[in-house]
Every structure is written in structure tokens, then in C-alpha cells.
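Worth knowing before you read on, the calculation uses all heavy atoms, side chains too, and leaves out hydrogens, waters and symmetry mates. Because the structure is predicted, anything quoted here is derived from the model rather than measured.
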Amino acid sequence: MTTPSRNHIRWFRNTAPYINSHRSRTFVLMLGGDGAQDPNFATILHDMALLHSLGVRLVLVHGNRPQIDARLEQAGIPSRFHDNMRITDSASMHHVTDAAASLRAQIEALLSMGLPNSPMQGARIRVCSGNFVTARPLGVVNGVDYQHTGRVRRVDREGIQQQLAMGSIVLLSPLGYSPTGEIFNLMLEDIAVHCAASIGADKLLLFGAAAGIQGGDGRLLRQLTVADLAGLEVPDPEQARLLATARRACVAGVSRCHIISYRDDCALLEELFTHDGNGTLVAKDDFEQTRSATIDDVGGILELIEPLEREGVLLKRSRELLENEIRQFRIIERDGRIIACAALYPFAEEGCGEVACIVSHPDYRGGRRGQRLLQELEREARNQGLDRVFVLTTQTAHWFLEQGFEERPRDALPAQKQALYNLQRNSKVFFKTL
């Protein structure tokens with residue numbers, strides 16, 4: 001009988017591959033000032049503490065736009081923007097630095113909590129902030145003088161990496177410093193992209209109000225590559241900015257960017273520790289890579305095919321047999337996990353080859369991965385000088401018919417394969433001319 005507590009244990013077991021994958025990785029998190037005002041803000045920091053305890057190296061880049069707006073309004077100073085960037089004059093600069101310092105202190109306090117029976121009990125987190133960002137003035141653009149608003153000139157990569165290596169969480173405020181001692185108000189996105197690219201971050205996590213990116217039809221777009229972004233229409237202005245930031249980061253060399261909601265108290269952990277995540281993943285390259293299998297993939301392939309072997313859909317393969325035949329397999333890999341496989345066994349003298357063991361993980365069926373692997377095996381067969389491929393199947397005849405195969409009698413098989421034919425399984429035989 002399954003109990004709620006055992007469901008939690010099973011979930012915890014399923015997170016093990018992600019825990020191992022994320023350990024010693026470097027993540028940069030970008031959280032705007034709106035997120036810092038949300039009731040879920042403390043929970044996000046608690047989840048960061050959990051990531052830190054699992055060995056993830058963390059840099060938090062925070063914004064403070066609404067906090068500045070509130071201070072300027074209280075002081076009777078109008079907020080001025082051009083192209084979504086604040087024009088920071090001398091009168092505003094004091095309030096900009098005050099907002100940054102206040103929010104930085106609040107974050108440091110939340111990450112210092114150690115109360116019993118709280119998520120932070122025993123965490124003992126060291127937070128480091130400082131002059132890691134060197135800035136330059138933005139200057140006059142299209143006739144607009146941005147005054148004390150600046151751009152990132154460089155990020156102290158070595159200094160940040162030293163702090164991360166010592167176990168600190170690095171905290172970056174949206175301020176930069178010039179060699180002449182000036183302070184500049186910087187765009188949150190500018191710091192996040194430069195920092196992630198400079199330190200070679202494995203991931204950049206971007207927090208917004210919504211759960212990822214919604215397309216024009218309101219549907220959540222779970223996965224995108226940089227190539228997918230051309231012509232993509234995103235109606236919501238905040239989501240469009242987050243997507244543009246993710247694109248900049250990927251182009252700058254960050255392989256994965258995640259866009260999630262700061263309002264959802266499960267978003268961060270669900271995005272990092274479940275198969276399908278919570279928000280939108282933007283990748284520099286395709287999420288799934290097809291390649292030839294190696295001996296290190298034997299365990300992953302066995303895990304993939306064992307359920308179908310138990311059901312009798314596939315013939316059982318021992319680990320020893322699979323190790324001997326591993327070079328015949330091609331796999332589709334997604335973030336280090338094998339999600340589909342297929343094999344080609346050539347019969348060169350008869351000019352044909354057997355396609356076998358086309359399997360997709362249940363969580364990833366319906367994405368034409370089987371067709372993709374079949375096409376690659378057919379191409380490989382042609383490269384080997386084969387002019388036909390065949391399959392033996394008991395339950396997937398219709399799928400192979402849809403792929404252009406035709407049913408043939410058993411005696412059409414190569415003589416060696418006929419000798420090994422299992423009469424008890426009574427598999428149907430299908431051939432395809434290449």
C-alpha cells in the first residue's frame with residue numbers, strides 16, 4: 001500500500017540524478033525588485049539555502065526598481081525613464097544607493113536565519129557582496145543624457161569564483177563602480193548576463209511574475225532554443241524582457257536559462273529537480289542530443305528497456321549481451337539522461353540490416369523521437385552499403401507500416417536470423433527498401 005510518506009520518499013529518490021548533476025555547479029539567479037516585495041520572497045531564499053546545502057554554487061543578482069520608485073515618490077522626485085532605463089540624476093542617486101543597501105541587508109538577514117524548526121535551521125550560510133562589478137557611464141544616447149546610469153564594463157570573475165570556492169553565496173546589487181570612484185546605477189539584466197557569462201555559470205535562472213513564457217495563444221512554452229526565438233511573439237512586456245535576457249545570456253555562452261515565477265513557492269525546486277520543470281527552459285543548443293552509445297550508457301539503456309521486456313514487447317537482453325552489442329545502439333540524451341534508444345544489426349552479405357529496440361521513455365513519448373532514431377539508423381545502413389532494413393515485432397506493426405515498412409514472410413529474413421527466429425513469440429516481419 002502506498003502512503004503519502006512513501007510518495008515523498010519515491011519523489012526524493014527521483015531527485016537523486018539531479019542532485020548529483022547539480023553538485024558543484026554554478027547558478028546565477030536574477031530576481032527583480034518586484035520579486036523581493038512578493039510574499040514568497042523568503043521562501044525563495046530558503047530554497048536557495050537548500051541548493052547551497054546540496055553543493056550548488058550560487059550568485060544572486062537582485063533588482064530594486066520599485067524600491068527606488070517608492071523612495072523617490074516619498075522625496076517628491078519624479079521617476080524618469082527612457083527605453084525602459086532609469087535616468088539617474090544626482091538628486092536620485094542617494095535614493096538609488098539607499099534602496100540597494102536596504103534590500104541587500106534584508107537578503108543577508110534572511111539568509112542568516114537559523115531558528116529551530118525553520119527551513120534555515122543549521123544552514124550557517126556566509127553571504128558575500130562587494131565591488132565585483134566595474135561600470136562605465138551610459139552617457140548620452142539619442143540626445144538623452146542618462147547621467148549616473150551606467151553599463152557593466154567588467155565583472156571580477158576571479159573574485160567571485162574565489163568566494164564561491166570558499167562556500168559563500170555571492171550577492172550582487174544593481175550598482176557598479178568606476179576606477180575613478182564613481183557609483184553607477186545599472187540594469188539588473190546587464191549584471192546578470194555579464195556575470196553568468198564571465199564566471200562560466202552552468203545556469204541562469206530568471207524570476208518573473210508569470211510561470212515562464214506564454215505564447216500568443218496563452219500556452220506555456222516549456223522549452224525553447226535560441227533558434228526558436230526568431231519571430232516568436234510574446235505579448236507580455238515583462239516576459240519579452242526576460243526572454244531577451246535569456247537569449248543574450250545564451251549567445252554570450254550560458255548553455256541553459258530558466259524562466260520561472262517568483263510567486264510560486266515550488267517553482268525553483270520543481271524546475272531544477274523534476275523532468276519537465278516548472279517554467280520555460282531556454283537553451284543555447286538543442287535540448288536533446290543524438291549520439292552513438294558507449295559502454296557508459298549500458299545502465300541507462302537497461303533502465304529504459306526493462307519495462308518493455310517485462311511486458312513481453314522486447315526480448316530480454318542481459319547486461320553482458322548489451323555490453324557486447326553497445327556499438328550497435330544510438331541514443332537520444334536529454335540533460336545527461338537517456339530518453340530513447342534504437343539499434344542496427346547489419347547483415348552485410350544479404351545487403352540488409354535489422355532495426356531493433358526502438359524505445360522512448362514514457363515521459364517523452366509523442367515527440368517523434370522514434371522516427372528520428374529510425375531515420376538515423378536508415379542513414380547509417382545506407383552508409384554501410386545496405387539497401388534494406390527489417391524489423392521483427394509483436395505489438396508495433398502499425399507504427400512500422402506508417403514508417404514505410406511492408407510485411408513480408410519469415411523466409412525473407414537472412415538465413416542467420418531465420419535460424420534464431422522465436423516461434424513462440426511469432427513476431428511479424430517487416431522490410432523497408434532504402
Closest heavy-atom pair and its distance - [X], [Y]:
{"X": "G33", "Y": "Q67", "result": "O-NE2, 3.1 Å"}
{"X": "L386", "Y": "L434", "result": "O-CD1, 3.8 Å"}
{"X": "L344", "Y": "A381", "result": "CD2-N, 3.9 Å"}
{"X": "S261", "Y": "A267", "result": "O-CB, 3.4 Å"}
{"X": "I259", "Y": "A246", "result": "CD1-CB, 4.3 Å"}
{"X": "V234", "Y": "A240", "result": "CG1-N, 3.9 Å"}

With sequence neighbours excluded, what pairs up with [X] under the side-chain hydrogen bond (donor to acceptor under 3.5 Å, both in side chains) test?
{"X": "T433", "result": "none"}
{"X": "T134", "result": "none"}
{"X": "E378", "result": "K432"}

Between [atom1] of [X] and [atom2] of [Y], what distance do you get to the nearest 0.5 Å?
{"X": "Q163", "Y": "S129", "atom1": "CD", "atom2": "OG", "result": "9.5 Å"}
{"X": "I107", "Y": "R104", "atom1": "CD1", "atom2": "CZ", "result": "9.5 Å"}
{"X": "S198", "Y": "R154", "atom1": "OG", "atom2": "CZ", "result": "10.5 Å"}
{"X": "T280", "Y": "L224", "atom1": "OG1", "atom2": "CG", "result": "6.5 Å"}
{"X": "D156", "Y": "Q162", "atom1": "CG", "atom2": "CD", "result": "8.0 Å"}
{"X": "F132", "Y": "L171", "atom1": "CZ", "atom2": "CG", "result": "10.0 Å"}

Using a 4.5 Å cut-off on heavy atoms from C-beta on, say whether the side chain of [Y] contacts that of [X].
{"X": "H62", "Y": "L103", "answer": "yes"}
{"X": "S79", "Y": "R86", "answer": "yes"}
{"X": "L321", "Y": "E325", "answer": "yes"}
{"X": "I169", "Y": "H52", "answer": "yes"}
{"X": "Q239", "Y": "Q214", "answer": "yes"}
{"X": "L272", "Y": "Y18", "answer": "no"}
{"X": "C357", "Y": "L314", "answer": "yes"}
{"X": "T290", "Y": "R330", "answer": "yes"}

Q371-Q375 side chain donor-acceptor pair, cut-off 3.5 Å: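 No, because no side-chain N or O of Q371 sits under 3.5 Å from a partner of the opposite role on Q375.
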Checking E271 against N278: is there a side-chain donor and acceptor pair closer than 3.5 Å?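 Side-chain D/A pair, N278 to E271: absent.
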Please determine whether side-chain contact (heavy atoms from CB on, under 4.5 Å) holds for the pair M187 and M85, giving the CA-CA distance in whole Å, both sets of side-chain angles, and the decisive distance to 0.1 Å. CA-CA 7 Å; M187 290 282 288; M85 288 193 294; 3.5 Å; yes
So W399 and L374, side-chain contact (heavy atoms from CB on, under 4.5 Å) or not? Walk me through it. CA-CA 12 Å; W399 187 85; L374 176 60; 4.0 Å; yes
Would R369 and H361 satisfy side-chain hydrogen bond (donor to acceptor under 3.5 Å, both in side chains), going step by step from the backbone distance to the final call? CA-CA 10 Å; R369 295 173 180 86; H361 191 281; over 6 Å; no
For this output row, return yes or no: ring centroids of F430 and F405 closer than 6.0 angstrom.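 For F430 and F405, the ring centres are not under 6.0 Å apart.
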Do any side-chain atoms of residues 294-302 form donor-acceptor pairs under 3.5 angstrom with protein atoms, and if so which ones, sequence neighbours left out?
residue: T294; atom: OG1; partner: D296; partner atom: N; Å: 3.4
residue: T294; atom: OG1; partner: D297; partner atom: OD2; Å: 3.3
residue: D297; atom: OD1; partner: R291; partner atom: NH2; Å: 2.9
residue: D297; atom: OD2; partner: R291; partner atom: NH1; Å: 2.8
residue: D297; atom: OD2; partner: R291; partner atom: NH2; Å: 3.4
residue: D297; atom: OD2; partner: T294; partner atom: N; Å: 2.8

[X], [atom1] atom: more than 12 neighbouring heavy atoms under 6.0 Å:
{"X": "N131", "atom1": "CG", "result": "no"}
{"X": "E323", "atom1": "CD", "result": "yes"}
{"X": "E158", "atom1": "CD", "result": "no"}
{"X": "R80", "atom1": "CZ", "result": "no"}
{"X": "E303", "atom1": "CD", "result": "no"}

Can you check whether [Y]'s main-chain N or O pairs, donor with acceptor, with [X]'s side chain at less than 3.5 Å?
{"X": "N40", "Y": "Y262", "answer": "yes"}
{"X": "S178", "Y": "T180", "answer": "yes"}
{"X": "S168", "Y": "L164", "answer": "no"}
{"X": "S21", "Y": "P17", "answer": "no"}
{"X": "T97", "Y": "H94", "answer": "yes"}
{"X": "Q161", "Y": "I199", "answer": "yes"}

Could you please spell out the steps behind the side-chain contact (heavy atoms from CB on, under 4.5 Å) verdict for V61 and L31? CA-CA 6 Å; V61 184; L31 180 66; over 6 Å; no
Partners of P137 by side-chain contact (heavy atoms from CB on, under 4.5 Å), sequence neighbours excluded?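 Per chain and number, P137 pairs via side-chain contact (heavy atoms from CB on, under 4.5 Å) with F184.
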Worked verdict on R71 versus D98 for salt bridge (charged side-chain N to carboxylate O under 4.0 Å, His left out): CA-CA 9 Å; R71 283 166 169 76; D98 180 61; 2.6 Å; yes
Worked check of side-chain contact (heavy atoms from CB on, under 4.5 Å) between L220 and I213: CA-CA 6 Å; L220 176 63; I213 301 298; 5.6 Å; no
What residue pairs, at least two apart or across chains, pass side-chain hydrogen bond (donor to acceptor under 3.5 Å, both in side chains) with a residue in residues 139-151?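 As it turns out, the side-chain hydrogen bond (donor to acceptor under 3.5 Å, both in side chains) pairs with a partner in residues 139-151, which skip direct neighbours, are T88-T149, S90-H148.
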Among R136, R248, R153, R241, whose salt bridge (Lys or Arg N to Asp or Glu O under 4.0 Å) with D190 holds?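 Only one of R136, R248, R153, R241 forms a salt bridge (Lys or Arg N to Asp or Glu O under 4.0 Å) with D190, namely R248.
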